[in-house]
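Here is the structure we will look at, set down as structure tokens.
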Amino acid sequence: RFRNVTGVQTCALPIYYFIAMEHVPGVDLATLLAAGVGGGEARGLPDALVAAIGGLFILLLGVFELGRVLYVISAANEATALGARVAIVCGKDDSRILQRMQRVMPTLSSGDVQISYTPSGCSAGSDSGGTPCVSATVAIVDGLKIKTVIPFLPAQIPLPAFTTTLTREAMDSASCG
């Protein structure tokens with residue numbers, strides 16, 4: 001009578017017995033368990049465990065990937081802040097700006113970073129004859145992508161644009177260490 005019990009029904013047999021005990025005359029709990037577990041068809045519990053463990057593993061991968069993406073976003077924010085600090089101390093358009101930003105975020109290239117000075121066309125030093133720069137703005141351009149490392153789901157998440165502006169300090173390559 002209970003030989004075709006499979007899957008989740010096997011787990012529910014004891015519960016079913018207690019709920020519907022008076023509706024199945026002559027059948028006790030041992031008969032129900034023997035019918036559900038003893039047959040070759042009762043493989044539902046191991047299948048459900050594999051599915052649950054697989055689901056937890058995928059969830060764990062997702063949590064790790066989310067943490068990595070948040071780390072990259074934080075590194076991009078810190079890279080622009082560091083780039084702006086270097087830009088206001090070092091000379092105008094110094095190559096060390098990008099080099100220091102790449103220490104924090106190694107995936108950056110020169111095309112991913114914009115450096116601008118205010119007012120436009122200003123000069124680094126006040127003795128060079130032009131209008132001295134008042135501030136430096138360093139930005140990571142919009143459109144940079146974060147590549148996920150999930151093996152079966154390759155995706156690229158767009159990184160938001162980050163901008164940091166700081167007022168001028170020295171802007172002299174001699175004071176840039």
Would you tabulate the side-chain donor-acceptor contacts of residues 155-163 under 3.5 Å, counting partners in other chains and residues two or more places apart, or write 'none'?
none

| field | Pairs touching residues 132-144 that satisfy salt bridge (charged side-chain N to carboxylate O under 4.0 Å, His left out), sequence neighbours left out | value | none
| task | Could you note down all residue pairs passing salt bridge (charged side-chain N to carboxylate O under 4.0 Å, His left out) where residues 51-61 supplies at least one of them, sequence neighbours left out? | result | none
| field | Residue pairs involving residues 75-88 (criterion side chain to side chain donor-acceptor pair (under 3.5 Å); sequence neighbours excluded) | value | E78-R85, T80-T164
| remark: Heavy atoms of A75 and V104 approach each other most closely as O-CG1, 3.5 Å
| Residue pair A79 / L108: nearest heavy atoms and the distance that separates them | CB-CD1, 4.2 Å
| field | Under the side chain to side chain donor-acceptor pair (under 3.5 Å) test, residues paired with T107 that sit two or more places apart | value | none
| task | Linking directly or through intermediates, with side-chain heavy atoms under 4.5 Å: list the remaining ILVMFWY members grouped with V141, chain and number order. | result | none
| task | Report the C-alpha separation of I140 and M101 in whole Å, then their side-chain angles, then the decisive distance to 0.1 Å, and conclude whether the side-chain contact (heavy atoms from CB on, under 4.5 Å) test is met. | result | CA-CA 10 Å; I140 294 179; M101 289 177 74; 4.3 Å; yes
| field | Distance, nearest 0.5 Å, that separates SG of C90 from CD of Q99 | value | 10.0 Å
| note | In this structure, CD1 of I73 is separated from CE of M105 (nearest 0.5 Å) by 9.5 Å
Report all side-chain donor-acceptor pairs from residues 110-120 shorter than 3.5 Å, counting only partners two or more places apart or in another chain.
{"residue": "D112", "atom": "OD2", "partner": "S109", "partner atom": "N", "Å": "3.1"}
{"residue": "D112", "atom": "OD2", "partner": "S109", "partner atom": "OG", "Å": "3.1"}
{"residue": "Y117", "atom": "OH", "partner": "D93", "partner atom": "N", "Å": "2.9"}

Could you list the donor-acceptor pairs under 3.5 angstrom formed by side chains in residues 52-66, with sequence neighbours left out?
{"residue": "E65", "atom": "OE1", "partner": "V149", "partner atom": "N", "Å": "3.4"}
{"residue": "E65", "atom": "OE2", "partner": "R68", "partner atom": "NE", "Å": "3.3"}
{"residue": "E65", "atom": "OE2", "partner": "R68", "partner atom": "NH2", "Å": "3.0"}

